[in-house]
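Below: one structure, written as structure tokens.
Note that these values count all heavy atoms, side chains included, but never hydrogens, waters or copies made by symmetry. Whatever order the structure lists ligands and atoms in, that order sets their numbers, starting from 1.
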Amino acid sequence: MMEFGTNGYAAPAAGRKGGAAYDVPEGVDIRGRYDAEFAKILTRDALQFVADLQREFRNHIKYAMESRKEAKMRYNNGGSPGFDPATRYVREGEWVCAPVPPAVANRMVEITGPTERKMVINALNSGAKADFEDALSPSWENLIRGHVNLKEAVDGTISFHDKARNRVYKLNDQTAKLFVRPRGWHLPEAHIFIDGEPATGCLVDFGLYFYHNFAAFRRNQGAGSGPFFYLPKMEHSREAKIWNSIFERAEKMAGIENGSIRATVLIETLPAVFQMDEILYELRDHSVGLNCGRWDYIFSYVKTFQAHPDRLIPDRVLVGMNQHFMRSYSDLLIRTCHRRGVHAMGGMAAQIPIRDDPVANEAALELVRKDKLREVRAGHDGTWAAHPGLIPAIMEVFTNNMRNSPHQIHSMKRDDAANVTEEDLLQKPVGVRTMEGLRLNTRVGIQYLAAWLTGTGSVPLYHLMEDAATAEISRVQNWQWLKYGVELDGDGLGLKVNLDLFGRVVEEEMARIQREVGQERFKKGMYKEACKIFTRQCTAPMLDDFLTLDAYNRIVIHHPKGLSKL
Ligand SMILES: CC(=O)SCCNC(=O)CCNC(=O)[C@H](O)C(C)(C)COP(=O)(O)OP(=O)(O)OC[C@H]1O[C@@H](n2cnc3c(N)ncnc32)[C@H](O)[C@@H]1OP(=O)(O)O
Ligand SMILES: O=CC(=O)O
Ligand SMILES: [Mg+2]
């Protein structure tokens, strides 16, 4: 494993010493392990397409990332995000997005999952979306194997033999429509260098998937349209404009008509909630809606207000859809989408089935049903499930409440939500803070990171789905509580969070993790490494932008090993 900082990537190698190598176009250097299977994805032409995207859009992306930094400085100097007066004409104008393609008119339940082989098959057999983002630890092996899996999935040939259970997995005759979620703009792909710089992660994800699958997708999956995407973590409509230009560029390369590619944007940062019309407007020929990425949204609330001690949040478990700022966000999202003629998708319920305890399982299912009932009654057109075991219950709630219609775009206009104000969207969440909240954040954050470092990006912990977004909440909440020395006012102990207390909590929670996972797994796992990264981030004087940026450096492996010394 080679370690380097985000600004300290080693210079690209001029060549490879012996062994097989990828056939790369001018200016492209592959530093990930060679594999004959991977070479079918990393073809010269596909890499040329990725390099073309990188060259055409890198300056736009750099500008957008600089603009994020400027906005962060404004918020850190006491400012807050809000509606932009300069784009009032977009918000007030009467325009609609291109009509929703019939292939994705009905999206009542979508399952999300990493691009791991068996899960891709299981997901496609039950309602699917494939994730290169927060459900996946973006190691070279996971990413490129994910592309191999998706290509076979779109071709319809994917299979998997589980030898231990002697079970063969294949696609059903009828499968779900596949949406692919590339990584966010901020993440590099450090195994592919273009013109001496690591490639932008999402351009690699999008470019390789699009190049290899657009034709088969339109034949097998999209009924003549597509491919379909989810776009994560945007903060401003200028970022949506870049995606729109990328889509146009890809359509031109493929010789398919403008508006073939369709994407749903996750509204999951606080600044983006003030840009929903503007984002849809930029993508109006390529949009199929917005989605409430509520876990990242909570993370973003803390991050945006990191310098505002008057906006500290309560225990993570208390920040749900009953909080005024969360309800306002969901209501405004529905109103905006329906006014513009596209889907308003609900969020992920974190509960998963509890196999060994029927009572607890029923209680978890009931929480999911309640959440989904709230969503469908509010006007959402569909929602996310984290696990196939939840789909029947969610489907039942949606079908029973959608009046035999595939969506509610025309029937639930939610004009009442036109009155949602900046104040509604920013209102501080209410509730108490407890020692158990601090402990749980720590226990979950460390275990999630340990899994991520060993190649797994979504895990079941304490009967909940945890992925990068939920782990981020744990991290930034600990950071916020430490930074401002908050009082834990919810358990009668009256303790103040400080370095001493946090140090003790980390020690005790590590001991608990060790007991829970067992000595052997603890030794083999990367718990100590995870603890180091998590603790550093929680106690850093300045909040790191992303947990996974720091951790990414630990999973980059360049080949041949020792290349960095060349
Ligand atoms: C905030 C956000 O970004 S949300 C979106 C990102 N997060 C996700 O996508 C999480 C997706 N979910 C998962 O990864 C998993 O469900 C977990 C990690 C939460 C739970 O995993 P496990 O405990 O291993 O699940 P469990 O053992 O109950 O799985 C039972 C079966 O369902 C399958 N399965 C579980 N979740 C999924 C899924 N999301 N997609 C496809 N198949 C799945 C398993 O492969 C397994 O199949 P098998 O019976 O053929 O072996
Ligand atoms: O991506 C989904 C979220 O909730 O975050
Ligand atoms: Mg998210």
Side-chain angles (χ1 to χ4, degrees), residues 109-137 142 146 149 153 158 160-162 164-171 175-176 178-184 230-235 264-270 272 290-301 303 319-321 326 329-330 333 345-356 361 364 368 371 383-391 394 447-448 451-452 456-474 546-548:
V109 187
E110 297 178 340
I111 187 166
T112 77
T115 53
E116 192 246 317
R117 198 166 189 82
K118 184 177 76 171
M119 284 174 104
V120 167
I121 301 174
N122 280 338
L124 275 168
N125 285 341
S126 65
K129 187 145 60 319
D131 197 8
F132 282 116
E133 208 227 356
D134 281 356
L136 190 83
S137 166
N142 280 351
N149 297 341
I158 191 169
F160 173 68
H161 184 192
D162 181 342
R165 291 150 85 190
N166 195 22
R167 185 172 161 195
V168 176
Y169 291 75
K170 285 195 175 136
L171 293 179
T175 59
L178 181 66
F179 279 72
V180 170
R181 180 163 74 163
R183 282 169 279 183
Y230 259 94
L231 302 176
K233 294 191 180 48
M234 286 199 254
E235 298 192 6
T264 302
V265 172
L266 289 132
I267 297 299
E268 54 181 357
T269 66
L270 195 61
L290 303 176
N291 169 295
C292 277
R294 56 185 164 184
W295 301 107
D296 267 312
Y297 194 71
I298 298 168
F299 157 47
S300 177
Y301 185 93
K303 191 158 79 165
V319 189
M321 297 310 294
M326 294 296 282
Y329 140 68
S330 149
L333 183 143
M345 302 300 293
M348 171 69 86
Q351 291 78 18
I352 48 178
I354 305 172
R355 258 182 255 127
D356 50 3
N361 187 51
V368 175
D371 180 52
T383 193
W384 280 14
H387 190 288
L390 301 172
I391 291 179
I394 299 178
Q447 289 185 85
Y448 176 75
W452 195 93
T456 303
S458 55
V459 282
L461 286 174
Y462 309 107
H463 305 312
L464 294 178
M465 181 279 311
E466 297 286 344
D467 76 351
T470 60
E472 284 285 27
I473 304 173
S474 295
F546 292 97
L547 173 66
T548 47

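- Side-chain contact between M234 and V265 is present, with heavy atoms from C-beta onward closer than 4.5 Å.
- Nearest-residue assignment for atom 3 (O) of ligand 1 (options D162, I391, D467; heavy-atom criterion): D467.
- Ligand-side atoms of ligand 1 in range of S458: 10 (C), 13 (C), 14 (O), 18 (C), range being under 4.0 angstrom from any heavy atom.
- Short contacts between ligand 1 and A135, defined as distances under 4.0 Å to a heavy atom of the residue, involve ligand atoms 6 (C), 7 (N), 8 (C), 9 (O).
- Of all atoms in ligand 2, listed by their number and element, those nearer than 4.0 Å to a heavy atom of A469 are 5 (O).
- A 4.5 Å side-chain heavy-atom check between L266 and D296 finds every atom pair outside the cut-off.
- When the heavy-atom distances from atom 17 (C) of ligand 1 to P114, P460, A385 are ranked, the shortest goes to P460.
- Ligand 2 places these atoms under 4.0 Å from at least one heavy atom of D296: 3 (C), 4 (O), 5 (O).
- Side-chain contact between H387 and M465: absent, with no pair of heavy atoms (C-beta onward) separated by less than 4.5 Å.
- For the atom pair H161 NE2 and K170 NZ, the distance stands at 10.5 Å (nearest 0.5 Å).
- Within the 4.0 Å heavy-atom shell around ligand 2 one does not find Y297.
- Looking from atom 4 (O) of ligand 2 to the surrounding protein, the closest heavy atom is W295 N, 2.8 Å.
- Counting only heavy atoms from C-beta outward, the side chains of Y329 and C292 approach each other to under 4.5 Å.
- For the pair L547 and A471, the tightest heavy-atom approach, listed with the atom from each and the gap, is CD2-CB, 4.1 Å.
- Under a 4.0 angstrom heavy-atom cut-off, D134 registers as lying outside contact with ligand 2.
- The residue E116 has no part lying near ligand 1, judged by heavy-atom distances below 4.0 Å.
- For V459, every heavy-atom contact with ligand 1 shorter than 4.0 Å involves the backbone, none the side chain.
- Heavy atoms of R294 stay at 4.0 angstrom or farther from ligand 1.
- A heavy-atom separation below 4.0 Å is found between R181 and ligand 1.
- Any N or O atom pair closer than 3.5 Å counts here, and W384 shares no such pair with ligand 1.
- Listed by number with element, the atoms of ligand 2 under 4.0 angstrom from any heavy atom of E268 are 1 (O), 2 (C), 3 (C), 5 (O).
- For the atom pair W452 CH2 and L136 CG, the distance stands at 9.5 Å (nearest 0.5 Å).
- Aromatic ring pairs are classed by plane angle as parallel below 30°, tilted from 30° to 60° and perpendicular above 60°; the pair F299 and F546 is perpendicular.
- Taking every heavy atom of Y169 and a limit of under 4.0 angstrom, the matching atoms of ligand 1 come to 48 (P), 50 (O), 51 (O).
- No donor-acceptor distance shorter than 3.5 angstrom exists from the side chain of Y448 to the backbone of S458, with no hydrogens or angles considered.
- Applying the 4.0 Å criterion to heavy atoms of I111 picks out, from ligand 1, the atoms 38 (C), 39 (N), 40 (N).
- Residue contact check for ligand 2: R294 places a non-hydrogen atom closer than 4.0 Å to it.
- Within the 4.0 Å heavy-atom criterion, both parts of M119, backbone and side chain, lie near ligand 1.
- Counting only distance, with no hydrogens or angles, the side chain of S300 and the backbone of L270 share a donor-acceptor pair below 3.5 Å.
- Backbone and side-chain nitrogen or oxygen atoms of T112 are examined, and one is located within less than 3.5 angstrom of a nitrogen or oxygen of ligand 1.
- Residue-ligand proximity: R167 is placed with a non-hydrogen atom under 4.0 Å from ligand 1.
- For the pair A386 and ligand 1, the shortest N or O to N or O distance falls below 3.5 Å.
- For the pair K233 and D134, the salt-bridge criterion is met [side-chain N within less than 4.0 Å of a carboxylate O].
- To the nearest 10 degrees, the Mg ion (ligand 3) sees OE1 of E268 and OD2 of D296 at an angle of 90°.
- Scanning K118, R117, M348, H387 for the heavy atom closest to atom 51 (O) of ligand 1 points to K118.
- Residue-level proximity to ligand 2 for N291 is absent, since no heavy atom of it falls below 4.0 angstrom.
- R167 forms a cation-pi arrangement with Y169, by the criterion of a distance under 6.0 Å to the ring centre and an angle within 45° of the ring axis.
- T383 contributes a side-chain N or O that, together with a main-chain N or O of G347, makes up a donor-acceptor pair within less than 3.5 Å.
- At distances below 3.5 Å, at least one donor-acceptor pair connects side-chain atoms of D467 with backbone N or O atoms of T470.
- Comparing heavy-atom distances from atom 36 (N) of ligand 1 across P388, G113, G293 singles out P388 as nearest.
- A donor-acceptor distance shorter than 3.5 angstrom exists from the side chain of W295 to the backbone of M348, with no hydrogens or angles considered.
- By the 3.5 Å distance cut-off applied to N or O atoms, R181 is counted among the residues near ligand 2.
- Side-chain atoms of M321 and D371, non-hydrogen and from C-beta on, do get closer than 4.5 Å to each other.
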